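Here the structure is a predicted model, which means the values were calculated and not measured. So that the names make sense, note that chain A is the first sequence line, chain B the second, and so on, each numbered from 1. Just so it is clear, the values below take in all heavy atoms, side chains as well, and ignore hydrogens, waters and symmetry mates.
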Number of protein chains: 2
Amino acid sequence: MLSQADQIITTLKSRGLRVTPQRFAVYANLLGRCDHPTADDILSDLNQDAPTSSQATVYSSLQALRGANLVREVLLEEGVCRYDANIGPHHHFRCQGCGAIADIPWETLSSLNLQTLSPHWQIEGYEVTVRGLCDRCQVG
Amino acid sequence: MLSQADQIITTLKSRGLRVTPQRFAVYANLLGRCDHPTADDILSDLNQDAPTSSQATVYSSLQALRGANLVREVLLEEGVCRYDANIGPHHHFRCQGCGAIADIPWETLSSLNLQTLSPHWQIEGYEVTVRGLCDRCQVG
DNA sequence: CCTAAAATCTAGAATTATTATAAAATCAGA
DNA sequence: TCTGATTTTATAATAATTCTAGATTTTAGG
């Protein structure tokens, strides 16, 4: 029975990544979150209780994790990249009021038929971005 | 029978925008394109034959056009915002090889049932991002 | 046509997110 | 423990975008 720490270490190693305290911390942070943090969000969180990583290393660790397909980027906001350890197919809801982003399970919107798109494209997947207002931003 | 230039002018006025050569040029440029240019792409294009606009003004014009719902942003690439004068609902294909972006007509992927999402959300729309390889990036 | 007020443009400075860099530190296998 | 390769660090650099104050332009009314 592996602890979560051991699982993370095993996972990093299995993807050919050297296990450093910073990579561990970044990945553990992302695995423990439901939101989609920016690099700066992660940095602040990591260094909350103890100096864990430099800013450059957070970026570097994120790139390594992305290269290993353990983390993906989420482009739903201008000017900044957000990250997600949930790399399985899923969709997003984006609130147009406050900007909040929520995950939508894959199956919920998995009924699209992509066969009729262009015969020139080799389709590998899709995701849906739903826009609207979250409950806090709705008026009356 | 209005010329295209007159149509653009009328459109800008109808949206409460002052008609300046720069706004006209930016909007005309976007209307004449099928791709999704960056602000810099637009700037280079505009100033190709004659000095038309400064960089700051291209950004400013794009913001004004967006505020008037004549132009929308497209967030499919890290680090840069792309723009589109096609503001009707439509979807995008994104090539994972070269990064090319293509429009997909709305009706093609309009069959999603959003009723089963969260009762807390007031849904206003959705768009689908399809990923794959374009014909040029596919190998043999 | 003129005028004036408001809006917009300009060009360079400033800001922000991210990447580059060279030296120091660390990882992991022998 | 040693060692070579990799990673981290802190700062500089870069690129996309916004800010700013003075100059210029638009536009409505006379």
| task | Whole angstrom is fine here: how far is it from CD in A:Gln63 over to P in C:dT21? | result | 15 Å
| message | Is there a side-chain contact between B:Tyr59 and the phosphate of D:dT17, meaning an N or O under 4.0 Å from OP1 or OP2? | response | yes
| remark: Ranking C:dT18, C:dA11, C:dA28 by distance to the side chain of B:Ala56, first place goes to C:dA11
| field | Proximal nucleotide (of C:dC9, D:dT17, C:dT10) relative to the B:Gln55 side chain | value | D:dT17
| said: Nearest heavy atom decides the nucleotide; on that basis, is A:Thr52 or B:Tyr83 closer to the 5' end of DNA chain D? | reply: A:Thr52
| task | Nearest whole angstrom, please: distance from the P of C:dT16 to the CG of A:Asp41. | result | 15 Å
| query | To the side chain of B:Arg23, which of D:dA16, C:dC9, D:dT8 is closest? | reply | C:dC9
| query | Does a side-chain N or O from A:Thr20 land closer than 4.0 Å to OP1 or OP2 of D:dT8, or not? | reply | yes
| note | Among the nucleotides D:dT17, C:dT18, D:dT18, whichever has the atom closest to the side chain of A:Cys81 is C:dT18
| said: Any side-chain N or O of B:Gln22 below 4.0 angstrom from OP1/OP2 of C:dT8? | reply: no
| query | Looking only at heavy atoms, what is the nearest atom pair of B:Tyr126 and B:Ser111, with distance? | reply | OH-N, 3.7 Å
| request: Look at the side-chain heavy atoms of Ile, Leu, Val, Met, Phe, Trp and Tyr, link any pair under 4.5 Å apart, and say whether A:Leu62 and A:Leu31 land in one connected group. | output: yes
| B:Leu17 CG to D:dT25 C1', straight-line distance once rounded to whole Å | 16 Å
| task | Compare every heavy atom of A:Cys134 with every heavy atom of A:Cys95, then report the nearest pair and how far apart it is. | result | SG-N, 3.3 Å
| task | Just compare C:dT19, C:dA28, D:dT17 and give me whichever is closest to any side-chain atom of A:Val19. | result | C:dA28
| request: Check the distance between C:dC9's C1' and B:Leu62's CG and give it to me in whole angstrom. | output: 15 Å
| note | From CG of B:Leu12 across to P of C:dA7 the rounded distance in Å is 17 Å
| query | Does the pair A:Asp41/A:Arg82 count as a salt bridge with the N-to-O cut at 4.0 Å? | reply | yes
| Which listed nucleotide (D:dT8, D:dA5, D:dT27) is nearest to the side chain of B:Arg18? | D:dT27
| query | Roughly how far apart are B:Glu124 CD and A:Leu133 CG, rounded to 0.5 Å? | reply | 4.5 Å
| request: Let me know the distance between NZ of A:Lys13 and C1' of C:dG29, rounded to the nearest Å. | output: 11 Å
| said: Quick check on C:dT10: is either OP1 or OP2 less than 4.0 Å from any side-chain nitrogen or oxygen of B:Thr57? | reply: yes
| Checking all strands, does A:Thr38 fall into the base, sugar-phosphate, or nothing category for heavy-atom contacts under 4.0 angstrom? | nothing
| message | Measure CD/B:Glu77 against C1'/C:dT18 and give the value in whole Å, please. | response | 14 Å
| message | Could you tell me how far apart A:Glu78 (CD) and D:dA15 (P) are, to the nearest whole angstrom? | response | 21 Å
| Are A:Tyr83 and A:Ile8 grouped together when hydrophobic residues (ILVMFWY) are joined by side-chain heavy atoms under 4.5 angstrom apart? | yes
| field | Side-chain N,O (A:Ser53) to OP1/OP2 (D:dT8) below 4.0 Å | value | no
